[in-house]
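Side chains included, hydrogens not; waters and symmetry mates left out as well; all remaining heavy atoms used.
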Amino acid sequence: MNARHSMVRRIVAVALALPAALAARPAAAQLASAGAASLGLGDNYTALARGRNAVAWNPANLALPDGPSFSLALAPVRVSAGISPITTADLKQVEGAVIPASVKEEWLARITEAGRQRGALGFDLTHLSMNVGRVGIQVASTVAGTVDLGPDVAELLLFGNAGRTGEPGDFDLAGSAIDMSMTTTFALSYAQPLSIGFGPLPDQHFALGATVKYIIGNALFSAADAGSTATGDPLEIGVEFPIIHTDTAFRFNNGAGYGVDVGAAWQGGPLSLGVVLRNVLNTFEWDATTLRYTPGSAVFTADTSYSDFDSRSIDDAPQQIRDRAARLLDELRYRPSLALGAALELPLVTLTADIRHRLDEGMEVGPATHAGIGAELRLIPFIPLRAGVTALSGGYQYAGGVGLELGLINLGLSASHRRSDLGEDAMVMLAVSFGAN
């Protein structure tokens, strides 16, 4: 009995955590932040980013005089993961024990209220990030997506096919879906200082900048339940989970396009201000000719089984699948977003604040609105301590980090916890750089 209970515990834990292990919806930015300092400040970095970091945050900052003439990063990585409404903390509380019926009931109630059990995992890798004077370069890849499990799927996982009542019943598995995408962006930035001043403040600097991006769509995967069921009498499981995906058998170029970000930066003494309009122009689109279709259908009874997971051309898919593919390609584009930032550099403390808003849904479906503040404390000049708190659409984010600056070599480690209208996740970032954080 103990062995059986142990196996059940593991199945439930793995199944509820499965969304986080599989994929994550694109919640990260199109062009990943190339430094750990930004995450430690709660991603409130628009006015403070300098050197290579300006490519992703505000290209105009490349022309501000306090930025490095050269900086380079060695493959900084940002990872995010999470599940909700049943979180890893919930699973941890019942680790090594039989899950009480009352806990299962409470978990199922939370999932039913939320409409799904959601998982998130994102991975951002910057292959190259550098600046030489007022020119910046960044090459970065982002993998992201979502996994959703409907309430009936959760009930099956928690209580088995007998459900909450203890009697075999029928289950509708609608509401379950998996989405994943991978893109790579090549970005080139330039900033131009201008002799423009505002008011009597001394030592003023003003600059305009632009980032030109070439985006490649590496892979796209989207699957949604189309009528899967599980019945108790007779015992039968019918899976209908059609999959739309790009053809990655021989290539990872399944779409392309150009994008442009424009920004302005002003600095007067210890105060810096910045404004950025991202994707003021963006032509990226997935290549419809590379799409494939997999029926994802299976039937299991007490006596027989059948499955069809053979990939074929999207042209061979039913009309409703082709219509869904057309909607998907239209939705998964990069939309404009606006960011405003301010930073105040004092002797021991630097304060920073950001307000950002995405103007429409698209590839970047993280929280639409971001408003936050961050602080960097340098009691020891070469060990910056960072913290930030942010209000997001439907939630919040709090973060912290530490750096170690050894001459030209900088190490940074930051982490954050985020809850928004899209769920709950945690992020961590490690970066090694030369010349800038």
- Message: Using the rule given for side-chain contact (heavy atoms from CB on, under 4.5 Å), can you reason through W57 versus V276, listing the C-alpha separation, both sets of side-chain angles and the distance that settles it, and then say yes or no?
- Response: CA-CA 8 Å; W57 287 95; V276 185; over 6 Å; no

- Message: Let's go through N282 and I215 carefully: what are the C-alpha distance in whole Å and the side-chain angles of both, what is the deciding distance for side-chain contact (heavy atoms from CB on, under 4.5 Å) to 0.1 Å, and is it a yes or a no?
- Response: CA-CA 9 Å; N282 199 299; I215 308 109; 3.9 Å; yes

- Task: Side-chain contact test, heavy atoms from C-beta onward, threshold under 4.5 Å: evaluate it for K104 versus W107 and give yes or no.
- Result: no

- Query: From L351 CG over to L271 CG, what is the distance, rounded to the nearest 0.5 angstrom?
  - Reply: 11.0 Å

- Message: Check R356 with D43, please: is the shortest side-chain N to carboxylate O separation under 4.0 Å?
- Response: no

- In short, A219 meets T246 closest at the heavy-atom pair CA-OG1, 3.4 Å

- Note on the structure: Distance col, row D323:CG vs L328:CG, nearest 0.5 angstrom, shows 12.5 Å

- Message: Donor-acceptor check, side chain of E285 to backbone of G257, threshold 3.5 angstrom: yes or no?
- Response: no

- Query: Charged N to carboxylate O under 4.0 angstrom, E376 versus R378?
  - Reply: yes

- Message: Angle between ring planes, Y396 versus H417, binned at 30° and 60°: parallel, tilted or perpendicular?
- Response: tilted

- Item | Exercise: identify the closest heavy-atom pair between S313 and Y293 | O-CB, 4.1 Å

- Answer yes or no: is there a donor N or O on one side and an acceptor on the other, between the side chain of N218 and the main chain of F252, under 3.5 Å? yes

- Message: Within the supplied structure, the quantity of interest is the number of heavy atoms (other residues, nucleotides, ligands) at a distance under 6.0 Å from L408 CG; does it exceed 12?
- Response: no

- Do NZ/NE/NH1/NH2 and the carboxylate oxygens of E331 and R327 come within less than 4.0 Å? no

- Note on the structure: Heavy atoms of I243 and A223 approach each other most closely as CG1-CB, 3.7 Å

- Query: Do I216 and T185 come close enough that some side-chain heavy atom pair is under 4.5 Å?
  - Reply: no

- Item | Side chains of L344 and T350 in contact at under 4.5 Å (non-hydrogen atoms) | no

- Verdict with reasoning, L404 to F382, per side-chain contact (heavy atoms from CB on, under 4.5 Å): CA-CA 6 Å; L404 179 61; F382 58 90; 3.9 Å; yes

- Task: Any chance you could measure F241, atom CZ, to S297, atom OG, to the nearest 0.5 Å?
- Result: 12.5 Å

- Message: Return the CG to CG distance between N53 and L48, rounded to the nearest 0.5 Å.
- Response: 9.0 Å

- Message: Donor-acceptor pair, distance only, cut-off 3.5 Å: does the side chain of T352 make one with the backbone of N44?
- Response: yes

- Query: Counting only N and O atoms by type, is there a donor-acceptor contact under 3.5 Å from the side chain of N58 to the main-chain atoms of A264?
  - Reply: yes

- Item | Side-chain H-bond candidate by donor/acceptor type, K213 with N279, under 3.5 Å | yes

- Donor + acceptor pair across side chains of T290, N254 (<3.5 Å): yes

- Query: Minimum heavy-atom separation for G42 to T390, with atom names?
  - Reply: O-OG1, 3.2 Å

- Query: Side chains of R335 and L359: closer than 4.5 Å at any heavy-atom pair?
  - Reply: no

- Side-chain (S33) to main-chain (S38) donor-acceptor, under 3.5 angstrom: no

- Heavy-atom donor-acceptor pair, T112 side chain to L108 backbone, under 3.5 Å: yes

- Return yes when atom CD1 of I380 has more than 12 non-hydrogen atoms of other residues, nucleotides or ligands closer than 6.0 Å, and no otherwise. no

- Return yes if some donor-acceptor pair links the side-chain N/O of S272 with the main-chain N/O of A343 below 3.5 Å, else return no. no

- How many angstroms lie between atom CG of L188 and atom OG1 of T211, to the nearest 0.5 angstrom? 8.0 Å

- Query: Any sub-3.5 Å donor-acceptor pair from R278's side-chain atoms to P336's backbone N or O?
  - Reply: no

- Message: Walk me through whether H245 and S222 qualify under side-chain hydrogen bond (donor to acceptor under 3.5 Å, both in side chains).
- Response: CA-CA 6 Å; H245 58 96; S222 179; over 6 Å; no

- Query: Does a side-chain heavy-atom distance below 4.5 Å link L329 with L220?
  - Reply: yes

- Query: With a 3.5 Å cut-off and no angle check, do the side chains of T142 and R78 form a donor-acceptor pair?
  - Reply: no

Result block: side-chain N/O donor-acceptor pairs under 3.5 angstrom for residues 128-141, not counting sequence neighbours:
{"unit_1": "N131", "atom_1": "OD1", "unit_2": "R52", "atom_2": "N", "d": "3.4"}
{"unit_1": "N131", "atom_1": "OD1", "unit_2": "S71", "atom_2": "N", "d": "3.0"}
{"unit_1": "N131", "atom_1": "OD1", "unit_2": "S71", "atom_2": "OG", "d": "2.4"}
{"unit_1": "N131", "atom_1": "ND2", "unit_2": "P68", "atom_2": "O", "d": "3.2"}
{"unit_1": "N131", "atom_1": "ND2", "unit_2": "G133", "atom_2": "O", "d": "3.0"}
{"unit_1": "R134", "atom_1": "NE", "unit_2": "A191", "atom_2": "O", "d": "3.0"}
{"unit_1": "R134", "atom_1": "NH2", "unit_2": "Y190", "atom_2": "OH", "d": "3.1"}
{"unit_1": "Q138", "atom_1": "NE2", "unit_2": "A32", "atom_2": "O", "d": "2.6"}
{"unit_1": "Q138", "atom_1": "NE2", "unit_2": "T126", "atom_2": "OG1", "d": "3.4"}
{"unit_1": "S141", "atom_1": "OG", "unit_2": "H127", "atom_2": "NE2", "d": "2.8"}
{"unit_1": "S141", "atom_1": "OG", "unit_2": "T184", "atom_2": "OG1", "d": "2.7"}

- Message: For I86, is there any backbone N or O sitting under 3.5 Å from a side-chain donor or acceptor partner on Q117?
- Response: yes

- May I ask you to test the V275-L338 pair for a side-chain heavy-atom distance under 4.5 Å? yes

- Task: Kindly assign one of parallel, tilted or perpendicular to the pair F284 and W286, based on the angle between their ring planes and the thresholds 30° and 60°.
- Result: perpendicular

- Query: Would you call D247-R292 a salt bridge at under 4.0 Å N-O?
  - Reply: no

- Query: Among L430, L41, L39, which one satisfies side chain to side chain contact (heavy atoms under 4.5 Å, CB included) with S414?
  - Reply: L39

- Task: Indicate whether any N or O donor in one side chain lies under 3.5 Å from an N or O acceptor in the other, for S337 and H357.
- Result: no

- Note on the structure: Nearest heavy-atom contact between A187 and V55 is CB-CG1, 3.9 Å

- Task: Identify the two heavy atoms, one from S393 and one from T369, that lie closest to each other, and give their separation to 0.1 Å.
- Result: OG-N, 2.9 Å

- Task: Have a look at D425 and tell me which of R118, Q397, R419, R418 forms a side-chain hydrogen bond (donor to acceptor under 3.5 Å, both in side chains) with it.
- Result: R418

- Message: If the threshold is 4.0 Å, N to carboxylate O, is there a salt bridge linking D148 and R116?
- Response: yes

- Message: Using 0.5 Å steps for rounding, measure from the CD1 atom of I314 to the CD1 atom of I244.
- Response: 5.0 Å

- Task: Check the angle between the aromatic planes of Y258 and Y214 and answer parallel, tilted or perpendicular using the 30° and 60° thresholds.
- Result: tilted

- Start with the C-alpha distance between L281 and Y334, add both sets of side-chain angles, then the distance that settles side-chain contact (heavy atoms from CB on, under 4.5 Å), and finish with yes or no. CA-CA 9 Å; L281 170 68; Y334 288 106; over 6 Å; no

